[in-house]
Structure formats: structure tokens, C-alpha cells
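Worksheet: the structure to be examined is printed underneath.
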Amino acid sequence: WNLQIKFLHGTTTLGFIYEGGVIIAVDSRASMGQYMSSASVKKIIEINPYLLGTMAGGAADCTFWERVLGMECRLYELRNKERISVAAASKLLCNMVYGYKNMGLSMGTMIAGWDKTGPNLFYVDNDGMRMRHQMFSCGSGSTYAYGVLDSGYRFDMTNEEAYELGRRAIFHATHRDAFSGGVARVYHIQPGGWVPIHPGTDVTELYYQYMYPSRAEGVEEVVMAE
Amino acid sequence: NWLTTNMSRYDRALTVFSPDGHLFQAEYASEAVRKGSTAVGVRGTDVVVLAVERKSTAKLQESRTVRKICVLDEHVAIAFAGLNADARVLTNKARVECQSFRLTFEDAVSVDYITRHIAKVQQRYTQSGGVRSFGVSNLVAGFDSDGTPRLYTTEPSGAFSAWKANAIGRGEKTCREFLEKHYTEPPSGDDAVMLSIRTLLEVVESGSKNVEVAVMYPNAPIRYLT
């Protein structure tokens with residue numbers, strides 16, 4: 001009996017840096033094999049008012065270690081009288097989980113924030129990998145999200161365009177990936193900290209907006225026409 | 001049984017309280033500092049200067065190998081007064097910590113941080129079994145990442161504080177009085193160098209052989225004056 005209760009490998013999370021800061025967007029579906037156990041999971045973890053972490057892989061591993069990271073970040077602030085950098089925070093997390101390498105942790109997370117050096121986005125996973133880049137997507141739906149992100153991304157987008165891109169990428173991933181769904185959540189990281197833009201937009205409500213954009217009419221009319 | 005070790009015999013605390021609340025061992029360590037050659041530090045508006053008394057070396061001794069001002073990292077230097085060997089060990093621990101910090105936090109230490117670390121080590125040795133305090137006081141001088149000049153002093157007890165200008169070692173009382181009289185406002189550039197040398201000359205016979213001076217500017221390598 002090898003029951004793999006590994007939530008959340010079925011997931012789409014993404015993040016990208018643009019002129020106005022960092023956008024983090026996630027879905028909210030949790031799956032246990034073929035069973036959809038939840039449609040309302042919070043996959044964005046608020047480490048502190050200016051640092052966000054995303055959740056992909058094991059839910060417990062992500063939440064636990066990112067909360068420990070929150071504690072270490074706060075201790076750093078108290079000792080050094082200044083906020084911790086995103087590079088240092090992601091390194092702390094990376095070093096913590098590296099100590100458990102090959103012991104079964106499952107975590108693929110993005111750490112994002114705005115520090116002295118500007119907006120930053122790091123990818124950290126349970127293998128001890130840590131990378132800094134302008135754009136990441138993690139989870140089973142990541143390939144679909146990358147397609148949308150790559151085709152729509154420009155560094156000099158407006159804020160609205162950026163929110164829209166994040167939301168659309170999550171939508172398309174949830175549409176094609178069976179293990180992603182629920183609601184799309186979008187957060188914006190600005191110089192002062194993060195702000196929730198879309199706390200949770202049901203992806204089924206986005207369906208007609210994105211799949212049939214030319215039809216401006218309401219849903220009922222579309223169904224009748226079909 | 002001649003194979004068993006006697007480790008436990010040497011684990012009791014050596015530094016204990018006296019009835020009137022003193023740590024005699026820590027105070028005796030400060031006596032050792034007071035026998036050491038003088039070191040002076042001056043913090044200017046955009047410069048930090050360390051000047052140390054160079055004890056006359058034996059004729060056959062290579063005087064250049066006795067370095068009393070040591071670099072901890074590219075932006076921080078340390079000068080000490082007291083037991084040379086203890087200082088060497090402490091300086092090395094500080095150098096390792098500077099690099100460890102760079103590895104973990106991907107950033108340079110602040111002068112405050114490394115001073116706190118050195119002071120923490122010195123304090124630990126007053127509250128551990130089987131060890132004695134370091135018979136060293138340190139002047140830690142350097143610049144934070146934003147270019148602000150900093151000067152700190154640590155003591156054998158593990159206490160530390162920030163200073164505009166200070167002296168440690170044999171002539172500390174005389175030098176400090178001189179500095180209190182002549183340090184009116186933060187000097188700039190050469191004035192800081194002149195002040196530190198004049199202060200040291202209060203307790204040292206004049207002559208370039210007896211004085212070693214190091215000047216630090218932000219984002220520049222430390223310069224030794226001969």
C-alpha cells in the first residue's frame with residue numbers, strides 16, 4: 001500500500017517581474033490522485049508584508065517551511081534593524097530544506113518581494129535548487145502558463161496589463177490541466193509591499209471572456225446561439 | 001583505567017561572579033588590554049582612520065610581519081590592543097564570519113553586525129566551561145553599504161559600543177582625553193588622519209618607526225601610511 005497523499009503537485013503558480021514590480025498568480029485546486037479535495041486552497045503564503053511565497057508540491061511542507069522562513073526574516077529585522085533582502089530570504093529557505101534533501105520533502109516555491117535592489121523573484125525547491133529570474137511558473141499547469149506568459153509578456157506593461165496577463169495565464173492553465181482549477185488569485189508586489197489584486201476569481205467565470213472574446217453579449221445569449 | 005579521559009575535570013566555569021557582582025576574570029582580561037600597545041580610531045565625515053603604536057621590534061625581527069591593523073573584509077578593518085595571539089584567533093573568527101555572511105545572505109556584513117559577532121564570541125568565553133576570556137579589546141572600523149563610516153569598540157567582557165573616536169590599550173586614558181578636547185566636529189579626510197596621529201603621539205615617541213596608520217574610504221581598498 002503506497003498511498004501518496006501528495007497534494008498540490010497538481011497546481012499552477014506563476015510569477016514575473018515587470019516595470020511596476022512583481023506579479024504572483026496562482027490557482028486554488030488541491031487534488032489527491034483523481035479526487036479534487038479542495039477548490040479554495042490559498043497557494044500564496046504571506047511571509048510578511050513585503051515577501052510572498054507560493055505553494056506547489058506538498059502543502060504541509062510549503063506552509064510549514066515558509067512560516068519558519070517568516071520567523072527567521074523577522075529575527076533578521078530585529079537584529080539588523082532593516083528588512084531582509086529577497087536574495088537572503090530565499091537563501092535561508094533553500095539552506096533549510098537542503099538539510100532534508102532526499103528525505104522526502106516536496107516543495108516548489110517562488111519567493112518574491114521588493115527590497116533595496118528592487119523587485120526580486122527567486123525559485124526554490126526541495127532539491128536545494130535556487131534560481132533568480134524574471135519569470136517562473138511551477139506545477140502541473142506550468143507549461144500552459146509559460147505559453148501564455150511568453151507570448152504576452154513585456155517589461156514595460158502597465159499594471160492592468162500585468163494583472164490581466166497573470167490572470168489569463170492561470171485561466172488557460174486551469175482550462176487544459178486537469179489538476180489545476182478553482183479560482184485565480186493575483187497579487188502585486190509594489191515598493192511598499194504586496195497587495196492582493198484578485199483575491200479569487202472563479203476560472204469558470206473567466207471562460208467566456210477568454211475563449212470567446214469577440215462575443216461581448218451575456219452568457220445566456222451565447223448558450224442559445226450554440 | 002588509563003583509557004578513560006579526564007575531560008570533565010576541565011569543564012567547570014572559570015569566570016564566576018564575585019560577592020559584589022564583579023567578573024574578576026573579565027576585569028583581569030581588561031588589565032591585559034591596558035598593558036598592550038595603544039590603538040586609536042577616528043571616524044570622520046567620509047573616512048575612518050586607525051592608528052596603532054608599533055612597539056620597538058628586536059633588531060633581527062622583521063617588523064613588517066607584526067601587523068596590528070587587519071582587514072576583515074574589503075570594507076571593514078580591525079585594530080586591537082592586548083594579547084597578540086588572542087587577537088589573531090578572534091580576527092580569524094571574524095574573517096570567517098564575514099565570508100559566511102556573504103554566502104548565506106549574499107551581501108556584505110555591516111560594521112555593526114560583525115562587531116556584534118565579535119562581541120558575542122568574547123562574551124561566550126566569559127560564560128563557558130574550561131575557557132578564559134580573550135585578553136583583547138578591538139577597534140572595528142569600516143563602512144556600511146550606504147557609505148556611512150562606522151567605528152566600534154569591543155571589550156573582553158563582550159560589551160561593545162559605537163564611537164566617534166576612541167583609544168584602547170596602554171595610553172587609552174590620555175588619548176581619550178586628548179580626543180575629547182580636540183574632536184569638536186567630525187573631521188574630513190586628512191584632518192582625521194592628522195587628529196589620529198597627533199593623538200597617538202601623546203603617548204608614543206615621535207618617529208615613523210613607532211606609528212602605523214591605516215586610512216579607509218568607502219569603496220576603496222585600505223591604505224597604509226608609511
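Just so you know, these numbers use all the heavy atoms, side chains as well, and skip hydrogens, waters and symmetry mates. In what follows, chains are A, B, ... by sequence order, proteins preceding strands, each numbered from 1.
At a heavy-atom separation below 4.5 angstrom, chain B is approached by A/Lys91, A/Leu92, A/Asn95 within residues 89-101 of chain A.
More than 12 heavy atoms of other residues, nucleotides or ligands shown are found within 6.0 angstrom of CZ on A/Phe155. No more than 12 heavy atoms of other residues, nucleotides or ligands shown are found within 6.0 angstrom of CZ on A/Arg67. Atom CZ of B/Phe160 sits in a crowded spot, with more than 12 heavy atoms from other residues, nucleotides or ligands closer than 6.0 Å. Around CE of A/Met129, the count of heavy atoms belonging to other residues, nucleotides or ligands within 6.0 Å does not exceed 12.
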Distance-only check: which donor-acceptor pairs under 3.5 Å involve side-chain atoms of residues 188-198 of chain B, not counting sequence neighbours?
residue	atom	partner	partner atom	Å
B/Ser196	OG	B/Ala192	O	3.3
B/Ser196	OG	B/Val193	O	2.8

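Considering OG of B/Ser145 and CD of A/Glu82, their distance stands at 6.5 Å, rounded to 0.5 Å.
Contact annotation for A/Lys116: only side-chain heavy atoms (C-beta onward) come within less than 4.5 Å of a heavy atom of chain B.
The ring pair (Phe, Tyr, Trp, His ring centres under 6.0 Å) test applied to B/Phe143 returns no partner, not counting sequence neighbours.
The residues B/Glu106 and A/Arg130 are annotated as salt-bridged, a charged nitrogen and a carboxylate oxygen being separated by less than 4.0 angstrom.
Screening residues 85-106 of chain B for ring-ring contact (aromatic ring centres under 6.0 Å, His included), with sequence neighbours left out, gives A/Tyr76-B/Phe105, B/Phe101-B/Phe105, B/Phe101-B/Tyr113.
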